[in-house]
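For reference, the structure is listed below as structure tokens.
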Amino acid sequence: MRMKSKIACVLFLLLPGFLAGQMANPAAVAITSEPSHHLVLDNDKVRAFKVEVAPHASTLLHQHDHDYLFITLGESQVSNEVRGKPPVTLQLKDGETHFVKGGFAHVARNLSDQPFRNVTIELMQPTQGDVKVCDSAKEGCNVQFGQQGSIGGLVICAMTKDLIIAGNFRVRETTIPASLSSAEQVHHNGYLLIAISDLRLRSKPGKGGASFLSKKAGDVDWAPDGSTGSLTNVTKTSARFITLEFE
């Protein structure tokens with residue numbers, strides 16, 4: 001009986017330390033179980049989430065098993081708190097696009113007075129090759145110019161530029177001023193469009209009739225394989241969107 005009492009006593013003494021360790025190192029939830037992440041698209045190439053974190057709130061500790069992209073909607077200041085590393089403060093701009101290697105858990109803490117909104121896109125297939133982040137200020141990035149126009153004597157044009165290039169995918173940003181058209185694009189594989197601004201676009205396909213695409217900022221649209229053509233902005237404000245294209 002004394003031996004059993006000693007064992008029970010030792011277990012009792014160890015329990016508070018065990019519970020304290022569990023509280024200090026909580027288990028990370030899956031991204032699909034994190035309340036701020038809302039799944040909006042799921043296929044064999046991508047899983048897309050609309051994310052919104054209230055002012056001065058934070059996500060749960062959640063796991064990123066896959067490489068992913070995130071595109072900020074609006075400006076925000078966020079503390080990125082990766083488990084096992086010091087927090088890093090990010091000052092994010094509207095439409096800012098980042099590639100992140102998976103295999104970690106973190107908390108995103110909103111430090112600003114506005115909601116932190118983004119679109120997070122998990123890449124369901126492994127990233128191939130080196131990932132190149134284009135910086136037009138430092139190196140020549142691939143830029144395509146579309147239809148030109150003018151406002152008050154100032155020449156404006158539609159523009160598509162590379163942001164991120166890997167062996168099996170490419171991320172581009174397109175800006176189309178009001179009433180102008182983008183350069184013609186050829187997509188041999190399916191691609192994802194992410195609206196940075198509200199969009200009302202008319203497609204000019206190589207074959208077949210025209211169609212319209214209407215999206216709110218933060219909406220996503222999956223386009224099928226083999227699309228070709230240009231896009232015309234039929235609104236009175238500039239259209240801006242990101243495309244994730246697969247090689």
Inset, instruction - Hey, could you give me each pair passing side chain to side chain donor-acceptor pair (under 3.5 Å) that has a residue in residues 186-198? Not counting sequence neighbours. - result: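 As it turns out, there is no side chain to side chain donor-acceptor pair (under 3.5 Å) pair with a partner in residues 186-198 once direct neighbours are skipped.
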Inset, instruction - Taking only Lys NZ, Arg NE, NH1 and NH2, and the carboxylate oxygens of Asp or Glu, determine whether Lys132 and Asp162 approach each other closer than 4.0 Å. - result: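 A salt bridge is absent here (no side-chain N lies under 4.0 Å from a carboxylate O).
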Check whether any side-chain heavy atom of [X] lies under 4.5 Å from a side-chain heavy atom of [Y], and answer yes or no.
| X | Y | value |
| --- | --- | --- |
| Phe241 | Leu231 | yes |
| Leu39 | Leu41 | no |
| Val171 | Thr97 | yes |
| Lys50 | Asp219 | yes |
| Glu184 | Thr228 | yes |
| Leu192 | Thr243 | no |
| Cys134 | Ile164 | no |

Legend entry - Partner of Ser203 by side-chain hydrogen bond (donor to acceptor under 3.5 Å, both in side chains), out of Ser182, Ser230, Ser211, Ser181: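 For Ser203, the side-chain hydrogen bond (donor to acceptor under 3.5 Å, both in side chains) test succeeds with only one of Ser182, Ser230, Ser211, Ser181, which is Ser211.
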Contact summary for [X] and [Y], nearest pair of heavy atoms:
| X | Y | answer |
| --- | --- | --- |
| Ala158 | Leu180 | N-CD1, 4.4 Å |
| Asp113 | Pro55 | O-CG, 3.4 Å |
| Cys157 | Phe145 | SG-CD2, 3.4 Å |
| Gln147 | Ser179 | OE1-O, 4.1 Å |
| His62 | Thr59 | CE1-OG1, 3.3 Å |
| Thr235 | Thr237 | OG1-O, 2.9 Å |

Hydrophobic clustering (ILVMFWY, side-chain heavy atoms < 4.5 Å, transitive) - are [Y] and [X] grouped together?
| X | Y | result |
| --- | --- | --- |
| Phe49 | Val78 | yes |
| Val40 | Met124 | no |
| Phe70 | Ile194 | no |
| Ile156 | Leu201 | yes |
| Val131 | Val46 | yes |

Inset, instruction - With sequence neighbours excluded, tell me which residues meet side chain to side chain contact (heavy atoms under 4.5 Å, CB included) with Arg109. - result: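 Ser58, Ser79, Glu81, Val107, Leu111.
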Inset, instruction - Please identify each residue that fulfils side chain to side chain contact (heavy atoms under 4.5 Å, CB included) with Leu73, with sequence neighbours left out. - result: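 For Leu73, the residues satisfying side chain to side chain contact (heavy atoms under 4.5 Å, CB included) (neighbours in sequence not counted) are Arg117, Val119, Ile196.
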[X] (side chain) donor-acceptor with [Y] (main chain) under 3.5 angstrom:
| X | Y | value |
| --- | --- | --- |
| Glu34 | Ser36 | yes |
| Glu122 | Tyr68 | no |
| Arg83 | Leu61 | no |
| Asn110 | Ala54 | yes |

For residues [X] and [Y], is any side-chain donor paired with an opposing acceptor at under 3.5 Å?
| X | Y | answer |
| --- | --- | --- |
| Asp67 | Thr127 | yes |
| Ser214 | Arg200 | yes |
| Gln185 | Gln144 | yes |

Legend entry - Results of salt bridge (charged side-chain N to carboxylate O under 4.0 Å, His left out) for Lys215 - residues two or more places apart only: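 Residues passing salt bridge (charged side-chain N to carboxylate O under 4.0 Å, His left out) with Lys215: Asp221.
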Legend entry - Neighbour count above 12 (heavy atom, 6.0 Å) for Gln125 CD: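 More than 12 heavy atoms, drawn from other residues, nucleotides or ligands, come within 6.0 Å of this atom.
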Legend entry - Residues which pass ring pair (Phe, Tyr, Trp, His ring centres under 6.0 Å) with Phe104, listed by chain and number, not counting sequence neighbours: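 Counting only residues at least two positions away or on another chain, Phe104 forms a ring pair (Phe, Tyr, Trp, His ring centres under 6.0 Å) with His64, His106.
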Would you list the atom pairs, donor with acceptor, under 3.5 Å between side chains in residues 84-93 and any protein atom, with sequence neighbours excluded?
| residue | atom | partner | partner atom | Å |
| --- | --- | --- | --- | --- |
| Gln91 | OE1 | Gln77 | NE2 | 3.2 |

Inset, instruction - Please work out which of the three classes, parallel, tilted or perpendicular, describes the rings of Phe99 and Phe169, given edges at 30° and 60°. - result: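 Tilted.
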